[in-house]
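Working notes for the structure below.
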Amino acid sequence: MRAVQVPKAKGPLEVVEREIPEPKRGWVRVKVEACGVCHSDSLAKDGLWPGIQYPRIPGHEVIGVIDAVGSEVPDWKTGQRVGIGWHASNCGHCDPCRRGDFFACQVELLTTGISFDGGYAEYMVAPAKALASVPDNFNSIEGAPLMCAGITTFNALRNSSARPGDLVGVLGIGGLGHLGVQYATKMGFNTVAIARGKDKEPLAKKLGAKHYIDSQSSDPAAELTRLGGAKVIIATVTNGDAMASVLGGLGPNGTLIVIGAAGPVPVDSILLIAGQRSVKGWYSGTSIDSQDTLKFSTANGVQSMNEIFPLDQAAEAYDRMMSGKARFRVVLDMKTKS
Ligand SMILES: [Zn+2]
Ligand SMILES: [Zn+2]
């Protein structure tokens, strides 16, 4: 099969021929149809995650068809369309797993494209636990980014304290944010998009935002306060200062949910205390959360806007994603040849 691997930390993405892998006990093989290119692929590319074994095939926004099933996989059959996201497996019996905190598994936390080879390939193998069922009318190439960017924004919002009608902010209108605005709107929130400059306002409004705040020409915290204060803001940007600048725009007991990996965020303790505001992070979710994301997206017309590349051009696709200029996600289509 053709695959794109990282030969060593900080090495180039290289197109190679590989043996088609066989699924072991509890795993399946998937013929990949599409794989999104996510900023977190840089963790594998640049060796920023501890313990990665190279060469490694990145990719954790995968849609494909089950092509072979290993032993002791009761629930899945060849021919079923499935998605595979970031969270691939957890042990199910350690203390965090027993409490339902699968992201905190201490025994067997497997991450697609990090712990094992991912979707920058014509075929991949994955634990059956990683699989999300894909709706029949779902377009693989258009939908692949929902397996990470989609689930992360969808799951952060649906597990937040916001209720229908509440003012909910989406900070940053990019790969995550353009999906966040759609989910927030379809969930019935009074959605406010916050981004730098005026140019993203028409798109944000088209995606459903009731309000738009240009954080360059105005103070976003003051503008949010004028709208009544946000119950929740999801921060999709990768800039800690931008996150800090909206904190004062949270209403009483409001929460800033961080999903953009930005390093330190300078938080004003007075703002936390005075409004009982909080800042928390959100981890994407498990395979059933992915399945819910796909179902909700199909039912409500939530769509990712993508730039499509053939697998052979994975390096160009990756550079395009890293440039921050893509509108808005980048997807590898296994069917097209360059
Ligand atoms: Zn991702
Ligand atoms: Zn566990």
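We count ligands from 1, going down the list as the structure has it; atoms in each ligand are counted the same way.
A salt bridge is defined here as a Lys NZ or Arg NE, NH1 or NH2 lying under 4.0 Å from an Asp or Glu carboxylate O, and Asp117 with Arg56 meets this definition.
Checking His93 against the Zn ion (ligand 2), every N/O/S atom stays at or beyond the 2.8 Å cut-off.
Remark: the backbone N or O of Ile151 is not paired with any side-chain donor or acceptor of Asn155 at under 3.5 angstrom.
Centred on the Zn ion (ligand 1), the SG atom of Cys148 and the NE2 atom of His60 lie at an angle of 110°, reported to 10°. Atoms SG of Cys91 and SG of Cys94, as seen from the Zn ion (ligand 2), are separated by an angle of 110°, to the nearest 10°.
Taking all atoms of both residues into account, the shortest heavy-atom contact from Pro135 to Thr298 is CG-OG1, 3.6 Å. Closest of all the heavy-atom pairs between Arg320 and Glu307 is NE-OE1, 2.8 Å.
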